[in-house]
S.K.: 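Structure in structure tokens, see below.
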Amino acid sequence: MSKQATPGNVATAALKDQSQERQKAMIAEHFRKLAEAPERGEKCVYTFVPGNLTELIDSFGLLPVLPEINALQSGMRGKSRDYIGLAEKLGHSEDVCTYVKCDIGMLKSGNVGPTGERLPNPDLLLLSYTGCFTFLKWFELLGQEYNAPVAMLHVPYQGDGVVTDSMRTYVVDQLKKKVIPALERISGRAYDEEALKERLARSAKAEEDLVWVLESAKRRPSPIDAYFGGVYYIGPIFTAFRGTQDAVLYYRELRAEIEGRIALGKGPVTPDGEIENERYRLVVEGPPNWTSFRKFWQMFAEEGAVVVASTYTKVGGVYDNGFRHDPNRPLETLADYCMGCYTNLNLPTRVQMLERYVREYSADGFLINSVKSCNSFSAGQLMILREVERRTGRPGGFIESDLVDPRYFSASNIKNRLESYFQMIEQKRAGGA
Amino acid sequence: MKIDYCVGIDLGSTTTKAVVLDGERRILGRGITNSRSNYDVACKVALGEALINARFSLIDGRMEHDGVDAERRRELLTRFELAFREQQYRSQLAALRTSLHQHAERLAMGAATNAALERILGTMEQETGELYRVGASRKSDFFRDLAGSRYVELAEAIARDGGHAFDPLVGLFDKAILETENSTEAVGTFESHARKAMVQAGDPALQRAVTKVLSIELVQRLGVGTGYGRQRLPFPEKLIRSEILCHGLGAHAMFPGTRTVLDIGGQDTKAIQVDANGIVTSFQMNDRCAAGCGRYLGYIADEMNLGLHELGPMAGKSCRTVRINSTCTVFAGAELRERLSLGEKREDILAGLHRAIILRAMSLLARSGGIEDEFTFTGGVARNTEAVKALRLLVKENYGERKLNISPDSIYTGALGASLFAWREVSRQEAEPVEVPA
Amino acid sequence: MKTNELRVAGIDVGSSAIKVAVLRDRGSEGAELVGQATERLRRRDPLDVVDSTLDAALALAGLRRDELEYIATTGEGEKVECRTGHFYGMTTHARGGLFLDPEVRAVVDIGALHARAVLMDERARVLGHRMTSQCASGSGQFLENICRYLGVTIDEIGPLSLQSQKPETCSSICAVLAETDVINMVSRGITIPDILKGIHLSMAGRYLKLLTSAGARGPVLITGGLARDEGLRAALIELVGEQQVPVEIRMHDNSPLAGAIGAGLWGAFRVRKLSSRGVSLSGSRG
Amino acid sequence: MTGLEQLLGRAEELYRDLRFTAVSEWKKRNGGLAIGFMPVYVPRELLHAMGVLPVGVMGAGDDLEIIRGDAYYQSYICHLPRSTIELGLNGALDSLDGMLFPATCDVIRNLSGMWKMQFPEKYSHYLDVPQDFDANVGGQFYRRELEEIAEELHRRGARKLEPAALRKSIAAYNENRALVEGLYSLRIEEPWRVPTHELYLLLRAGNVLPVEEHTVMLRDYRAAVLADEDRRSMDQARVLLAGSFCEQPPLGLLRTLERAGCYIVDDDFVQVHRWITGDVRADGADPLADLVLAYLKQGIASPIRYIDEQVKGQALVERVERSGAEGVIFCAPSFCDPALLDQPMAVAAIERAGIPWTSFKYAENTGQFQVIREQAGTFADSIKLWSE
Ligand SMILES: Nc1ncnc2c1ncn2[C@@H]1O[C@H](COP(=O)(O)OP(=O)(O)O)[C@@H](O)[C@H]1O
Ligand SMILES: Nc1ncnc2c1ncn2[C@@H]1O[C@H](COP(=O)(O)OP(=O)(O)O)[C@@H](O)[C@H]1O
Ligand code: SF4
Ligand code: SF4
Ligand code: SF4
């Protein structure tokens with residue numbers, strides 16, 4: 001595995017916790033399995049992070065590949081500029097989501113994954129289309145590239161802020177009539193509900209610990225950074241591991257470590273050392289930038305700014321409102337999970353969630369990182385900003401960048417805005433006192 | 001005698017502004033110069049100009065103290081200032097001449113070029129007196145613009161007569177002006193110009209006051225910097241403040257009732273909301289596209305061969321505003337030509353351009369939280385009457401009656417804010433003297 | 001006059017200059033450029049400059065206006081009164097490019113405000129093209145502005161850029177913000193050649209992207225005003241090598257005239273085509 | 001003034017009227033609800049059957065100055081939602097009793113939530129049309145979705161949804177659709193008779209007029225152009241314009257294309273008129289089921305629909321053949337994800353078929369057309385110079 005290949009590595013530069021070692025090993029193992037899959041005759045399913053059906057896929061003995069994660073990793077490894085450039089040369093518009101272009105560029109450059117090993121071609125494209133219309137196009141594109149079958153799972157949007165029976169029935173119907181048969185076809189195995197249930201039970205356990213970890217940020221000082229650090233914590237739940245024993249162990253370990261930090265009254269660990277003086281507590285909305293992830297984090301850490309809650313860490317599932325995978329209603333619970341992911345919530349619900357975070361996590365303010373790529377996140381964020389500001393009375397900040405397109409990360413511009421924002425909070429405090 | 005002051009410097013993309021504040025937080029002087037590639041020099045020149053301005057007001061004060069009546073003071077001071085500026089101009093022109101000849105020599109351009117240069121410079125020198133006659137109008141206060149436009153005109157005339165090719169002459173100027181404006185020596189010193197100007201003005205009361213003021217020592221306590229080139233400002237990091245905060249605080253100091261501030265500078269537009277204490281509560285800036293900022297007007301002025309301050313009045317003559325949707329700065333010239341060729345009138349197009357700029361600003365304002373009472377318009381573009389007119393109209397249409405503050409000194413708002421921060425820093429350091437910055 | 005010969009003029013009304021080409025066209029036996037003139041606009045009304053430029057070119061060709069069979073305009077030339085017909089920019093640059101260098105199957109036309117990559121076949125039929133958008137970043141005008149800041153004349157840009165040792169990348173997408181970037185660079189002590197080369201490289205990157213996304217291969221001719229800029233050409237060639245793009249960048253002394261030449265040639269083409277159908281164009285001139 | 005001029009004048013007036021006076025007048029006369037809908041498709045028949053006036057809201061074109069709309073959207077989001085918000089905020093949509101936001105893209109989806117927050121007193125609903133086209137799966141879901149909407153509208157004062165009324169409405173829209181289709185066919189045969197900027201205005205009129213009135217307008221227009229002796233054929237290139245299905249190009253752009261030498265012989269404008277191909281069954285026992293089925297089985301290929309097991313772009317190639325277009329112009333709004341993500345696949349299909357194409361982007365308020373004119377002109381030149 002190359003040096004900066006995984007998120008795990010960045011964090012361990014400062015402190016090698018056991019949980020991080022475990023995560024690293026899990027990821028390495030997964031990519032090794034993927035690389036070997038063609039030889040060993042193992043089949044793999046490409047699918048998306050929000051609303052991913054990892055437990056179901058795993059119960060068929062199939063391996064998941066998540067193109068979003070590959071794109072993110074390409075961004076972190078400094079490859080995305082070339083990949084995106086290549087895709088644009090091939091006729092993809094400058095205006096559209098760079099995850100897609102990054103993935104297409106990677107595919108056209110030999111499909112070498114984050115660990116330097118070649119990724120297997122998909123045997124099935126599971127288009128679990130949750131929270132983002134771009135997914136649709138993405139897999140239509142991949143479908144043409146690989147000539148692979150596509151299984152469509154249309155996950156209805158919570159347009160009115162609720163999940164209705166009709167919506168649930170629709171998803172379960174599709175699972176039964178479309179998705180499961182497709183998985184059966186390519187795996188050659190029959191659907192095994194018991195196997196699924198076992199995995200769902202393990203998911204619930206891991207989810208319990210994950211929520212505990214994320215909520216530990218309610219303390220002062222917060223022992224974790226729930227955004228920059230948070231993206232590492234959600235890794236195993238997001239990606240290929242939910243429902244595995246590895247994930248259960250990872251979160252148990254992580255929880256123990258955080259408990260240790262709390263006992264010592266310590267703040268979060270960053271790549272540049274520990275934050276000793278928590279000066280600003282922030283809630284962040286929107287995905288981070290991956291191409292300058294470390295620089296981006298630094299801009300916060302240097303100022304003693306700690307993110308105590310973030311919405312991005314909920315795109316792979318919102319658990320802190322009580323939802324857990326329920327082995328007793330296997331398909332229904334999968335449906336509820338899919339429909340409950342953050343980007344599948346309507347804007348009023350997103351505002352409520354942010355408002356709650358600002359209050360429950362005693363934040364000094366909240367900040368939006370608006371990414372050019374993602375309309376699903378970004379369209380409406382300016383209104384979210386004003387609404388949350390109005391409801392909480394805490395100052396909001398707004399910065400713009402992109403997920404993996406380095407052309408849209410202007411360090412000086414972001415720093416300028418962040419500095420002004422922090423100085424504003426500071427001034428407001430001084431004025432208020 | 002000795003006066004302590006703090007200075008705030010706003011290094012903008014177009015202009016560099018300095019405000020000098022005494023211990024009572026009173027404005028002693030303001031200075032402005034065009035920004036240039038040598039940031040150090042830009043700051044020094046702006047500060048120098050502010051100190052000159054400070055001394056002018058001290059001279060005025062002195063004369064008042066000596067019992068000279070207001071009418072006479074105004075007259076004397078105008079004469080003195082013009083004479084002073086004339087001296088400054090001559091000194092810069094001399095530096096420019098040297099530089100031009102050096103470049104011509106280096107490029108081995110030959111005798112014809114030298115002759116052409118002398119024709120141009122000779123004329124310019126001759127005209128200097130007229131340029132600074134009482135009541136004469138000037139295109140700009142910056143040497144670069146003043147000398148530049150005249151030089152180009154004269155070069156064009158020479159080219160028309162077949163005396164010398166145009167492009168190389170302009171090329172020489174572009175090189176020489178860079179050198180001239182990046183040297184602090186070229187402007188000369190206050191004292192030497194003042195002494196000459198004092199003699200030129202030839203009035204005993206004035207001479208007494210000038211001599212007196214020349215003996216006053218102005219002592220800088222601290223300087224705080226802000227502005228576009230903030231990452232590279234010649235100030236220690238601790239003494240740099242964000243532009244947003246400076247504009248907020250500056251506007252508050254000028255108009256304590258201000259709640260919303262709009263600043264349109266050369267390359268950026270900022271909409272800022274402040275509370276009753278001048279504390280910024282939210283702000284918005286234009287993103288990575290500079291469309292619709294002040295520089296846009298600069299291009300237009302160049303294209304029409306007008307001075308910046310002539311744009312507004314010309315647009316003011318329009319009775320039919322043309323709709324313009326694109327404000328890409330670089331396309332400004334092309335858009336203008338296209339519209340002209342479609343038969344639209346210059347003033348109507350100009351009115352449309354101004355409205356387009358303000359429309360963009362309205363979006364940012366809306367984004368930052370709307371327009372509250374009172375509303376202050378700052379930055380260079382606030383000097384443009386047509387921009388102000390368009391703003392008034394749109395504010396009224398969309399937000400109803402709002403008190404709109406505009407000061408002739410609005411371009412100094414950021415620098416004023418910075419100078420206030422400088423005094424705050426002085427007080428802070430006095431409170432905890434251990435933390436003196438390096 | 002040879003029987004099969006047509007005398008035509010092409011007028012390229014650009015945003016920064018008027019370019020005129022006068023040609024003698026002998027159909028399948030080829031054509032010859034017999035007169036040309038370029039006049040920078042310098043803020044004058046283009047229509048005022050057209051006449052004098054056309055006359056200058058005609059004088060060189062030893063022809064009178066009424067001896068011309070076709071006056072073709074291109075660029076912003078739709079309003080030129082003396083025209084017989086108008087052709088659009090990419091059509092004419094393709095034709096002009098092919099005339100100047102019969103081996104090329106693509107041109108990249110770089111003018112004051114826009115850049116475009118045009119693909120064609122062996123008869124100069126346009127097969128595809130890509131153009132820069134409404135944003136003026138990376139155009140000739142942009143380069144001119146930067147030069148004013150640097151105290152460099154247009155003709156010096158190329159030679160200076162060639163001297164660069166360590167080009168400085170220019171990050172701004174926007175041409176206006178780039179001005180500040182450039183000032184910033186000067187303040188950091190970056191040399192003028194390095195700045196210019198940096199800008200050339202970033203411009204070249206854009207143009208190359210246009211070319212590759214249009215699908216260009218083989219020899220490509222630079223046309224338009226910026227073809228005069230050797231620094232830009234060098235940067236393009238350098239990037240082509242670096243990115244291993246399968247094109248070969250070429251230049252011709254008359255590249256800036258390509259639009260005018262192409263317009264003239266298409267004019268002759270139309271005359272022949274129409275006369276083969278028995279249509280005469282005489283009298284259609286204003 | 002001739003009848004044709006009058007008719008077109010009326011259509012243009014409706015198009016330019018950003019305050020939707022036609023809608024408030026209709027309400028004064030009829031007293032029913034008026035419900036706005038965003039592009040691309042809603043089942044207008046259902047609304048009509050309940051006495052509701054469906055009103056297509058397609059942004060605000062190039063006439064409206066955006067003052068507050070930009071406060072809701074970053075620069076890298078298309079223009080349509082900001083002008084729609086602007087219309088909402090300046091009271092232009094006050095005559096509407098609610099809004100439907102069909103599942104088109106993430107922008108419109110999120111706009112539905114913004115609408116709820118901004119105008120809490122009004123009905124606003126995200127219409128989640130299925131991407132599963134199985135009658136027993138997606139069909140069931142869609143039916144429940146429509147029933148819910150009908151119930152909610154009834155609660156808010158609309159007539160109850162009755163099968164008989166629905167059947168009549170289906171018939172009314174069938175007739176209207178056939179007339180639209182007829183004009184499209186006429187344009188294919190004789191493009192000089194039906195200039196696109198006129199046809200476009202007629203389509204837009206259908207956004208605000210009750211279907212019966214619109215049908216009359218279409219019929220009158222057809223008769224008038226067929227009788228117009230002054231319309232003559234010119235030497236222009238025939239092109240298909242693809243990608244403008246949501247945010248609409250400004251009228252100036254269409255005129256620019258026509259002036260630059262193009263006959264537009266097929267397009268994607270105001271697609272709600274053409275979304276369903278052919279007739280919806282109007283005499284079935286369960287007309288709601290027929291409406292759902294038409295959506296599932298008779299819908300056109302569009303970037304906003306998931307295309308199952310078909311070669312992407314094939315439908316476009318077929319349209320080119322049907323319309324006799326000599327080339328395709330991809331003309332999409334800037335930042336329009338569905339259109340722009342689809343484009344490479346469509347281009348691939350077009351290229352495989354050897355059809356020339358070009359592309360550019362616009363915003364509904366684009367004011368400068370030089371670049372577009374150059375491109376379209378060159379495209380038309382290349383087709384024209386080498387025709388025969
Ligand atoms: N006298 C004037 N009359 C009209 N406009 C002016 C005048 N002086 C400056 N401006 C405008 O102000 C802009 C510069 O504003 P400024 O606030 O100095 O910008 P920056 O801080 O970016 O240097 C110029 O681009 C010009 O449009
Ligand atoms: N020697 C040169 N080096 C660099 N740029 C040049 C040179 N000569 C001309 N140019 C540039 O070429 C541009 C004009 O190109 P042209 O194709 O004539 O444009 P247009 O047709 O729009 O007028 C100008 O912007 C000018 O700066
Ligand atoms: S648009 Fe957003 S959610 Fe969709 S693929 Fe791109 S980044 Fe992911
Ligand atoms: S060049 Fe024009 S459109 Fe492009 S970013 Fe700059 S100001 Fe904006
Ligand atoms: S124009 Fe495109 S991106 Fe914008 S709302 Fe319509 S479909 Fe969505």
Side-chain angles (χ1 to χ4, degrees), chain C residues 13-15 72-78 85-95 107 109 111-136 139 173-174 213-215 259 262-263 265-270 272-274 276-277 279, chain D residues 75-76 79 234-237 239 249-250 253 256-257 259-262 326-335 340 343-344 347-348 350-352 354-388:
Chain C
V13 182
S15 57
T73 55
T74 185
E76 303 290 320
E78 285 139 314
H86 180 84
F87 301 94
Y88 287 88
M90 290 182 275
T91 318
T92 55
H93 275 269
R95 185 68 189 90
V107 297
D109 160 29
L113 295 179
H114 299 289
R116 35 205 161 203
V118 188
L119 253 52
M120 58 185 155
D121 65 11
E122 72 293 343
R123 298 172 305 169
R125 176 180 181 164
V126 174
L127 301 177
H129 52 78
R130 285 288 182 286
M131 228 175 139
T132 47
S133 65
Q134 298 279 355
C135 172
S139 62
I173 302 185
C174 169
S213 65
L265 293 174
W266 282 130
F269 180 87
R270 282 303 277 178
R272 287 180 207 289
K273 192 160 173 179
L274 292 173
S276 75
R277 295 194 211 146
V279 184
Chain D
S75 54
Y76 43 79
H79 203 269
M234 282 195 300
D235 177 20
Q236 304 241 66
V239 301
L253 192 146
T256 300
L257 295 182
R259 271 185 216 145
C262 299
E326 296 165 285
V328 174
I329 297 182
F330 290 95
C331 177
S334 293
F335 304 109
L340 295 171
Q343 203 164 298
V347 165
I350 289 288
E351 281 186 343
R352 272 195 304 272
I355 300 164
W357 62 277
T358 184
S359 71
F360 41 76
K361 294 180 288 189
Y362 63 86
E364 60 178 357
N365 68 340
T366 300
Q368 277 187 323
F369 303 114
Q370 286 123 298
V371 177
I372 288 176
R373 192 191 60 208
E374 278 284 306
Q375 289 206 71
T378 300
F379 191 63
D381 272 356
S382 75
I383 291 176
K384 269 182 346 206
L385 282 169
W386 299 105
S387 61
E388 307 131 271

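Chain letters run A, B, ... following the sequence lines, proteins first, then strands; residues in each count from 1. The model shown is predicted, which means the values in this text are computed figures rather than measured ones.
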S.K.: For the backbone of C/G89 and the side chain of D/E374, can you confirm whether one donor and one acceptor N or O come within less than 3.5 Å of each other?
M.R.: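 Side chain of D/E374 to backbone of C/G89: a pair is present.
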S.K.: Checking heavy atoms, do the side chain of D/A380, its backbone, both or neither come under 4.5 Å from chain C?
M.R.: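 Contact with chain C: none, neither part.
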S.K.: Between chain D and each of C/E76, C/M90, C/R130, C/M120, count heavy-atom pairs under 4.5 Å; write down the option with the most.
M.R.: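 Highest number of pairs under 4.5 Å: C/M90.
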S.K.: Using the side chain to side chain contact (heavy atoms under 4.5 Å, CB included) rule, take D/I350 and D/F330 through it: C-alpha gap first, then chi angles, then the decisive distance, then the call.
M.R.: CA-CA 11 Å; D/I350 289 288; D/F330 290 95; 4.2 Å; yes
S.K.: Out of C/F269, C/F87, C/Y88, which one racks up the most heavy-atom pairs below 4.5 Å with chain D?
M.R.: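 The candidate making the most pairs under 4.5 Å is C/Y88.
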S.K.: When you measure from the side chain of C/W266 to the backbone of C/T91, do you find a donor-acceptor pair of N or O atoms at a distance under 3.5 Å?
M.R.: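 It does hold such a pair.
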S.K.: Given 3.5 Å as the limit, does a donor-acceptor pair link the side chain of C/D109 with the main chain of C/H93, or not?
M.R.: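 Answer holds: no.
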S.K.: Heavy-atom cut-off 4.5 Å, strictly under: side chain, backbone, both or neither for C/R123 against chain D?
M.R.: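 Contact with chain D involves both backbone and side-chain atoms of C/R123.
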